[in-house]
Amino acid sequence: MSATVSLLLDAKDIVGESILWSGDEKALYWVDIVGKRIHRLEPENGRHDTWPTPDFVTSIGMRKDGGFIVGLSRNVCLWTPDGPFEEFAVPEPDLPENRLNEGRVAPDGSFWVATMQSNLDAGGSPKDMDRQSGAVYRIDPTGHVSQLTPNEYGITNTMGWTRDNRFFFADTLANEIYVFDCDLAARRIDNRRTIVAGFARGLPDGSCLDADDRLWNCRVAGFDGAGRLMQLIELPASWPTSCTFGSTDLSTLYVTSARFTMTNDHLDMHPLEGGLFAVEGVGRGVEEPKFGQASDKFPSVSETA
């Protein structure tokens with residue numbers, strides 16, 4: 001497959017992340033972690049809105065009854081545009097040096113979030129990390145939090161659930177992508193295997209799955225379920241961060257990027273860092289789940305929570 005890449009929005013995100021497609025609104029939503037803002041963009045007409053957040057905003061997912069579930073630095077909140085951020089759950093109240101990172105609604109309608117040792121100081125500048133203390137958590141619609149992995153990961157990234165009960169996950173610091181056996185009804189993942197390690201092109205960040213359960217990871221690289229490289233895509237930005245399939249037929253891959261820690265000289269030479277890009281010709285995606293609503297394939301959250 002040959003891919004074509006275009007700049008969709010010169011967002012200038014410090015760390016763009018957690019992009020998703022709302023088919024109901026024909027709009028993209030994503031966050032700028034360090035910029036402390038949430039974006040909404042309608043690709044067809046170019047309408048672009050942003051909302052400030054009270055803290056570093058790390059992830060976003062749609063809710064069944066409207067509005068969003070949002071990961072901030074330490075807590076998960078419920079939010080509707082122009083409304084307040086209402087605290088819903090705190091995954092690690094006893095680990096104040098950790099922060100949230102990746103977060104995504106699972107096919108059973110729960111919200112999964114992963115943590116890491118915070119690499120940001122209060123002003124958003126980089127801070128050294130000295131341990132691997134991140135873990136994966138599941139939050140059900142009542143706000144109950146259950147821990148799914150030990151606290152053993154560096155920078156937690158990538159969440160994807162396949163139709164044959166596997167779960168993709170990644171550790172950016174380790175430069176590894178994993179696959180687990182996943183039992184959503186039992187709220188369990190186990191039997192971790194490393195399927196990509198030491199890949200020479202960048203480090204793994206956010207990902208999405210296409211309709212064939214292939215993993216598209218932000219480098220930008222496409223892998224099959226065994227971790228075999230299918231395709232590499234060149235972007236006019238050096239730090240892609242997150243991706244999702246969208247548009248009316250879910251055939252456009254949208255990719256966010258970052259400009260965190262980049263020098264002014266570098267940005268003068270590479271002005272599109274932090275932009276939002278559209279990639280055509282790489283496949284077709286699947287509809288994004290909503291918090292509190294299970295897909296047809298999975299038992300409802302009320303049955304499993």
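Using a 4.0 Å cut-off between charged nitrogen and carboxylate oxygen, Asp24 and Lys290 count as a salt-bridge pair. Salt bridge present: Arg47 and Asp49 bring a charged side-chain N and a carboxylate O closer than 4.0 Å. The residues Arg284 and Asp210 are annotated as not salt-bridged, no charged nitrogen and carboxylate oxygen being separated by less than 4.0 angstrom. Look at Arg214 and Asp212 and you find a salt bridge, because one of the NZ, NE, NH1 or NH2 atoms lies within 4.0 Å of a carboxylate O, short of that distance.
Contact annotation: the side chain of Pro81 approaches that of Trp51 to within less than 4.5 Å [non-hydrogen atoms, C-beta and beyond]. Under the 4.5 Å side-chain criterion, counting only non-hydrogen atoms from C-beta, Glu17 is not in contact with Thr58.
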Verify side chain to side chain contact (heavy atoms under 4.5 Å, CB included) between Asp205 and Trp239, making sure each step is shown before the conclusion. CA-CA 9 Å; Asp205 208 312; Trp239 193 343; 3.9 Å; yes

Is there a salt bridge (charged side-chain N to carboxylate O under 4.0 Å, His left out) between Arg163 and Asp213 once you walk through the steps? CA-CA 7 Å; Arg163 288 168 293 181; Asp213 281 343; 3.6 Å; yes

Take Thr252 and Val279, measure what side chain to side chain contact (heavy atoms under 4.5 Å, CB included) needs, and give me the verdict at the end. CA-CA 6 Å; Thr252 303; Val279 182; 6.0 Å; no

Start with the C-alpha gap between Asp140 and Arg187, add the side-chain angles, then the distance that decides, and say whether salt bridge (charged side-chain N to carboxylate O under 4.0 Å, His left out) holds. CA-CA 10 Å; Asp140 72 22; Arg187 304 182 295 281; over 6 Å; no

Go through the steps to decide whether Tyr137 and Thr115 satisfy the test side chain to side chain contact (heavy atoms under 4.5 Å, CB included), and finish with yes or no. CA-CA 8 Å; Tyr137 296 84; Thr115 61; 3.9 Å; yes

Decide yes or no on salt bridge (charged side-chain N to carboxylate O under 4.0 Å, His left out) for Asp190 and Arg192, but give the supporting numbers first. CA-CA 6 Å; Asp190 53 26; Arg192 189 188 84 182; over 6 Å; no

How far apart are the C-alpha atoms of Asp249 and Ser247, what are their side-chain angles, what is the distance that settles it, and do they pass the side chain to side chain donor-acceptor pair (under 3.5 Å) test? CA-CA 6 Å; Asp249 58 357; Ser247 76; 3.2 Å; yes

Quick one: do Arg99 and Leu120 satisfy side chain to side chain contact (heavy atoms under 4.5 Å, CB included)? Show the steps, please. CA-CA 9 Å; Arg99 70 167 177 85; Leu120 301 171; 4.0 Å; yes

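Follow the hydrophobic side-chain contacts under 4.5 Å out from Ile60 and you reach Val57 in the same cluster. Note on Val255 and Trp216: same hydrophobic cluster, where clusters join Ile, Leu, Val, Met, Phe, Trp and Tyr whose side-chain heavy atoms are under 4.5 Å apart, directly or indirectly. Transitive grouping of hydrophobic side chains (ILVMFWY, heavy atoms separated by less than 4.5 Å) brings Ile195 and Phe223 into a common cluster. The hydrophobic clustering, which links ILVMFWY residues whose side-chain heavy atoms are closer than 4.5 Å, places Phe277 and Leu253 together. If you chain together hydrophobic residues whose side chains sit under 4.5 Å apart, Leu28 and Leu209 never meet in one group.
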Please tabulate, for side-chain N and O atoms in residues 172-180, each donor-acceptor pair with protein atoms closer than 3.5 Å (sequence neighbours left out).
{"unit_1": "Thr172", "atom_1": "OG1", "unit_2": "Asn157", "atom_2": "ND2", "d": "2.8"}
{"unit_1": "Thr172", "atom_1": "OG1", "unit_2": "Pro204", "atom_2": "O", "d": "2.7"}
{"unit_1": "Asn175", "atom_1": "OD1", "unit_2": "Arg219", "atom_2": "NH1", "d": "3.3"}
{"unit_1": "Asn175", "atom_1": "ND2", "unit_2": "Phe199", "atom_2": "O", "d": "3.1"}
{"unit_1": "Glu176", "atom_1": "OE1", "unit_2": "Tyr178", "atom_2": "OH", "d": "2.7"}

Please table the atom pairs, donor to acceptor, closer than 3.5 Å between any side-chain atom in residues 32-40 and protein atoms at least two apart or in another chain.
{"unit_1": "Asp32", "atom_1": "OD1", "unit_2": "Ile14", "atom_2": "N", "d": "3.3"}
{"unit_1": "Asp32", "atom_1": "OD1", "unit_2": "Val15", "atom_2": "N", "d": "3.0"}
{"unit_1": "Asp32", "atom_1": "OD1", "unit_2": "Gly35", "atom_2": "N", "d": "3.1"}
{"unit_1": "Asp32", "atom_1": "OD2", "unit_2": "Ile14", "atom_2": "N", "d": "3.1"}
{"unit_1": "Asp32", "atom_1": "OD2", "unit_2": "Arg37", "atom_2": "NE", "d": "3.3"}
{"unit_1": "Arg37", "atom_1": "NE", "unit_2": "His39", "atom_2": "NE2", "d": "3.4"}
{"unit_1": "Arg37", "atom_1": "NH2", "unit_2": "Ala11", "atom_2": "O", "d": "2.9"}
{"unit_1": "Arg37", "atom_1": "NH2", "unit_2": "Asp13", "atom_2": "OD1", "d": "3.0"}
{"unit_1": "His39", "atom_1": "ND1", "unit_2": "His48", "atom_2": "NE2", "d": "2.8"}
{"unit_1": "His39", "atom_1": "NE2", "unit_2": "Asp13", "atom_2": "OD1", "d": "2.7"}
{"unit_1": "Arg40", "atom_1": "NE", "unit_2": "Glu25", "atom_2": "OE1", "d": "2.8"}
{"unit_1": "Arg40", "atom_1": "NE", "unit_2": "Tyr29", "atom_2": "OH", "d": "3.0"}
{"unit_1": "Arg40", "atom_1": "NH1", "unit_2": "Glu42", "atom_2": "OE2", "d": "2.7"}
{"unit_1": "Arg40", "atom_1": "NH2", "unit_2": "Glu25", "atom_2": "OE1", "d": "3.1"}
{"unit_1": "Arg40", "atom_1": "NH2", "unit_2": "Glu42", "atom_2": "OE2", "d": "3.1"}

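Expressed to the nearest 0.5 Å, how far CD of Gln117 lies from NZ of Lys127 amounts to 7.0 Å. Atom CG in Leu100 sits 6.5 Å away from atom OG in Ser59 (nearest 0.5 Å). Interatomic distance, SG of Cys77 versus CZ of Phe68, reported as 14.5 Å (0.5 Å rounding). Atom CE of Met262 sits about 7.0 Å away from atom CG of Leu267, to the nearest 0.5 Å. One finds the CE atom of Met62 at 5.0 Å from the CG atom of Leu20 (value rounded to the nearest 0.5 Å). Rounded to the nearest 0.5 angstrom, Ser238 OG and His270 NE2 are separated by 7.0 Å.
Proximity of a side-chain donor or acceptor of Arg193 to a complementary backbone N or O of Asn191 within less than 3.5 Å is detected. Of the possible polar contacts, one joining the Thr162 side chain to the Arg166 backbone as a donor-acceptor pair under 3.5 Å is found. Looking only at distances, no side-chain donor or acceptor of Gln132 sits under 3.5 Å from a matching main-chain atom of Glu152. Judged purely by atom type and a 3.5 angstrom limit, Thr256 uses its side chain to pair as donor or acceptor with the backbone of Ser242. Panel note: side chain Asn101, backbone Met116; no donor-acceptor pair is recorded below 3.5 Å.
Side-chain heavy-atom separations under 4.5 angstrom define the hydrophobic clusters, and Leu95 shares its cluster with no other residue.
Here salt bridge (charged side-chain N to carboxylate O under 4.0 Å, His left out) pairs that include residues 74-97, with residues two or more places apart or in two chains, number zero.
In this structure Phe167 satisfies the ring pair (Phe, Tyr, Trp, His ring centres under 6.0 Å) test together with Trp112, Trp161, sequence neighbours excluded. Residues satisfying the ring pair (Phe, Tyr, Trp, His ring centres under 6.0 Å) criterion with Phe88, sequence neighbours excluded, are Phe291.
For Asn264, the CG atom counts as loosely surrounded, since its 6.0 Å shell holds 12 or fewer non-hydrogen atoms of other residues, nucleotides or ligands. Open room surrounds CD on Glu287; 12 or fewer heavy atoms of other groups in view lie less than 6.0 Å from it.
Of all heavy-atom pairs between Leu235 and Pro240, the closest is CD1-CB, 3.8 Å. Ser73 and Asp55 get closest at one heavy-atom pair: CB-OD2, 3.1 Å. Here the shortest heavy-atom pairing between Thr241 and Ala258 reads CG2-CB, 3.7 Å. Here the closest heavy-atom approach between residue Pro289 and residue Ala106 is recorded as CB-O, 3.4 Å. Taking both residues in full, the closest heavy atoms of Pro271 and Lys12 are given as O-NZ, 4.3 Å, listed atom of the first, atom of the second, then distance. For the pair Pro43 and Ala27, the tightest heavy-atom approach, listed with the atom from each and the gap, is CD-CA, 4.4 Å.
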